[in-house]
K.L.:
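First the structure, which I've put down as structure tokens, then a few questions once you've had a look.
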Amino acid sequence: MFGSKTAGVLAIVALAIGVVAAQDAAPGFRTFISDLTPPGIDNGLRDKDAPRPPRPYPTDVSSRDGMPYLRGSIAVKFRAGTAPAAQRIMIDRVGASAMDAPSFADFNIVTIDDTADPEAAAAALAQQPDVEYAQARYIMHPMFVPNDPLYVQQWNFPAIDMERAWDLNPGATSSIVVAVIDSGVAYRNMVLRRNVPSWRGGTGTAVFTFPALGVIDIPFAAAPDLGSPDRFVAPRDFIWNDTDPVDMDGHGTHVTGTIGQLTNNSVGVAGMAFNVRIMPVKVIDSLWDDILGSPFQGTDDVVARGVRYAVDNGAKVLNMSIGRSGPPSPLLQEVLIYATQHGAFVSIAAGNDFEQGNPTEWPAAYANSIQGVVAVGAIGRDRLRAYYSTTGSYLELAAPGGNQRSGGTSGGIFQQTYDLGFVETYAFGPARYTAPRFDVFAYLPFQGTSMAAPHVSGLAALLMQQGITSPAAVEAAMEKFATDLGPAGRDDQYGFGLINPRAALRGLGLAQ
Amino acid sequence: MTRAAIATLAFVLLLPAASGAQVSVRGFGDFGFTVFNATQSFKAILGKSSGPVFGGGVEFGEKRFFVSLGAQRFRRDGHRVFVFDNQVFPLNVKDTITVTPVDLTFGYRLRSRGLVPYVGGGPTWYRFVETSEHATETEDVKETHTGYHLLAGAEVPLRRWLAAGVDAQWADARNAFGDSPTSVAAVYDEHDLGGFTLRARIIVGR
């Protein structure tokens, strides 16, 4: 679609800093002016497009000032029974001015001075006797590396013997709800009217000022191959604090496709558990969320609230193709335990930073200490660890995540999502910057542990439908029947190995 | 196995004949109830570790000594499972177990008239078949294992050509299964295909 030269020159990383015009409504309030919009436009296979420039590294995008956490607030959990007066005294000691108790959370958000160091404030507060934990509000990002939109085939399903697995369990049923804890999902049609201010962003030293677009109508459409609206249950947006978690990125929609894209319908591509219902829970802000003035970002506490919301609303499988490096997060650890204790299995992307020093990724690193929570690494078409896939002692399973370095463009994971040319309109600089459209779709190959985790989520849904109702047992089944890769036994590159859906769904016989 | 059985049978039959004793040939049909030694494994797959058996056979002998060749059949449908933390999760994959033991019994009657108690024992050949939905040829199991059995029972004549009896049999077939990593028998460390069987028998002949 775009010339490679142009794309290369305009490798824009949109750092959403300096939103200079006022919004048309108070932050957090959106006005969807109509539900009556045309169906989404399917641009089909984008196998003639030139390679797109890499997306901005999400941490920089969403932190707004380049820090890995939000300024001006921290998260804290007091021990049970701590009197409000005592809480007040403790937060006063760190210079806090206010405290908020968010929904779907058992912790508080404490407001501190914008100039204060949140990590230092959290550390000071954590020293107080009645504080269970305190932490900065670290920002999560999607675990993916989008790349060339070139379709060849969905090699990922044959690689894990899915065709024969579907013989045993054809896509689960609507009784299983899978929550996609992500950037939202393209699940409904609507039009958002919004005043788009000017803003500044870029990569490294190449920073541009993008002009204001004024009041525009932004169309949204449901992804045609994800199914009808009644397939989606209890949608929730923790970035805009409403019930319309529409995707403004494409990541969550792509992930959802791998979990449950409609299959055997003569349209597009397939998904793992194509009969399940999907719960879109938006906890990650995209660049467009930031530009449009979303009141929240994808911090640890927002993600934790999303997890708790999904569990409380009946999700049995949670997909978290998100994560971050940096310090641990006690509140995420607690909410993952909460999820498994309430019967929900959680699949988490292990991380894509192997070549960036292979840092420990959270919340994936909690996986090996919580039964029913799995950290998923990625393999390429060659069944070898993808070059980006983070390794570590917490890695438990591997699944196809794509590797376009060794496998070329067809080595990605192929799913329907937005045609990114209509979303990343900032990628070609201010001169060609236009309003986005979230109603034009294409089948694009992505790569990342983000793409691997939904294979595991889909398998978890199938296993739950098959009869394994305990999250810990689901994990144990996946690990027992995994195809060992790399050194014999569990290892830090592949965990227990590549998921083997057919073997796991088939289980144990008396003698074989 | 077959050749050994035939040779043994011929030897046992020819021995009384050579001694001049009168050899009788009788047929029997039986039904009973068997409890497998691999209790947990069968229970996991079938929901219970026991079930009915039906069979029959032929018996040769004279007043005191006899030899019989009999077969029973156990067949039951269940589901493949996953076992975690001692909890069994039945999966939606049908699994059928068929066990067909063939017993060659060398017996001795303690009395020759009226209520006749008897004891015996000998080798057992177990035909074990496990099939499941959507399985490939290599995933289904069709094997034969060798074990032995001991039995005790009693029979009573009903008519000149008809008798009824009951017996209890204990059988052992170690190392029959439990080596495969995808077997529930491996999970429970149970490897014995034998079991305890109570049978009622109708015997025709004299």
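Letters A, B, ... mirror the listed sequences (proteins, then strands); counts begin at 1. Note that this is a predicted model, so its numbers are computed, not measured.
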K.L.:
Heavy atoms only: give me the nearest Phe177(B)-Ala511(A) pair and the separation to one decimal.
P.N.:
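Scanning both residues completely, I find the closest heavy atoms to be CB-CB, 3.8 Å.
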
K.L.:
Return the minimal non-hydrogen interatomic distance between Val187(B) and Leu508(A), and the atom names on each side.
P.N.:
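Distance-wise, the nearest heavy atoms are CG2-CD1, 3.7 Å.
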
K.L.:
Considering residues, nucleotides and ligands other than Asn264(A), do more than 12 of their heavy atoms fall under 6.0 Å from its CG?
P.N.:
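No, CG of Asn264(A) has 12 or fewer neighbouring heavy atoms, counting only those of other groups under 6.0 Å.
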
K.L.:
Please evaluate residues Val93(B) and Leu505(A) with respect to the criterion side-chain contact (heavy atoms from CB on, under 4.5 Å), reporting the C-alpha separation (whole Å), side-chain torsions for both, the decisive distance (0.1 Å), and the verdict.
P.N.:
CA-CA 8 Å; Val93(B) 181; Leu505(A) 290 166; 6.0 Å; no

K.L.:
Please tabulate the donor-acceptor pairs under 3.5 angstrom that span chain A and chain B, backbone and side chains included.
P.N.:
residue: Asp167(A); atom: O; partner: His134(B); partner atom: NE2; Å: 3.3
residue: Gln466(A); atom: O; partner: Asn92(B); partner atom: N; Å: 3.1
residue: Lys480(A); atom: NZ; partner: Pro181(B); partner atom: O; Å: 3.1
residue: Arg502(A); atom: NH1; partner: Glu139(B); partner atom: OE1; Å: 3.4
residue: Arg502(A); atom: NH1; partner: Glu139(B); partner atom: OE2; Å: 2.6
residue: Arg502(A); atom: NH2; partner: His134(B); partner atom: O; Å: 2.8
residue: Arg502(A); atom: NH2; partner: Glu139(B); partner atom: OE1; Å: 2.8
residue: Arg506(A); atom: O; partner: Arg80(B); partner atom: NE; Å: 2.8
residue: Arg506(A); atom: NH2; partner: Ser132(B); partner atom: OG; Å: 3.1
residue: Gly507(A); atom: O; partner: Arg80(B); partner atom: NH2; Å: 3.1
residue: Leu508(A); atom: N; partner: Val81(B); partner atom: O; Å: 2.6
residue: Leu508(A); atom: O; partner: Val81(B); partner atom: N; Å: 3.0
residue: Gly509(A); atom: N; partner: Thr182(B); partner atom: O; Å: 3.1
residue: Gly509(A); atom: O; partner: Val184(B); partner atom: N; Å: 2.6
residue: Leu510(A); atom: N; partner: Glu130(B); partner atom: OE1; Å: 3.4
residue: Leu510(A); atom: N; partner: Glu130(B); partner atom: OE2; Å: 2.6
residue: Leu510(A); atom: O; partner: Ala185(B); partner atom: N; Å: 3.4
residue: Ala511(A); atom: N; partner: Glu130(B); partner atom: OE1; Å: 2.8
residue: Gln512(A); atom: O; partner: Arg80(B); partner atom: NH1; Å: 3.1
residue: Gln512(A); atom: O; partner: Arg80(B); partner atom: NH2; Å: 3.0
residue: Gln512(A); atom: NE2; partner: Thr138(B); partner atom: O; Å: 2.9
residue: Gln512(A); atom: NE2; partner: Glu139(B); partner atom: O; Å: 3.2

K.L.:
Is there a side-chain contact between Leu510(A) and Phe128(B), using heavy atoms and a 4.5 Å cut-off?
P.N.:
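Yes; the side chains approach each other to less than 4.5 Å.
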
K.L.:
Would you name the heavy atoms of Phe89(B) and Ile468(A) that are closest together and state the gap between them?
P.N.:
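Heavy atoms of Phe89(B) and Ile468(A) come nearest at CD2-CA, 3.8 Å.
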
K.L.:
Considering non-hydrogen atoms only, spot the tightest contact between Leu91(B) and Ala504(A) and give its length.
P.N.:
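For Leu91(B) and Ala504(A), the tightest heavy-atom pair comes out as CD1-O, 4.1 Å.
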
K.L.:
Does any heavy atom of chain A fall under 4.5 Å from the side chain of Ala186(B), the backbone, both, or neither of them?
P.N.:
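Neither the backbone nor the side chain of Ala186(B) comes within 4.5 Å of chain A.
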
K.L.:
So, for Ala472(A) and Phe84(B), which heavy atoms are closest and what is the spacing to 0.1 Å?
P.N.:
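Closest approach of Ala472(A) to Phe84(B): CB-CE2, 3.6 Å.
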
K.L.:
Check whether Val141(B) gets within reach of chain A through its side chain, its backbone, both or neither, counting any heavy atom under 4.5 Å.
P.N.:
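Just the side chain, heavy atoms under 4.5 Å.
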
K.L.:
Given heavy-atom pairs under 4.5 angstrom as the criterion, report whether the side chain, backbone, both or neither of Ala503(A) touches chain B.
P.N.:
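Neither part, no heavy atoms under 4.5 Å.
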
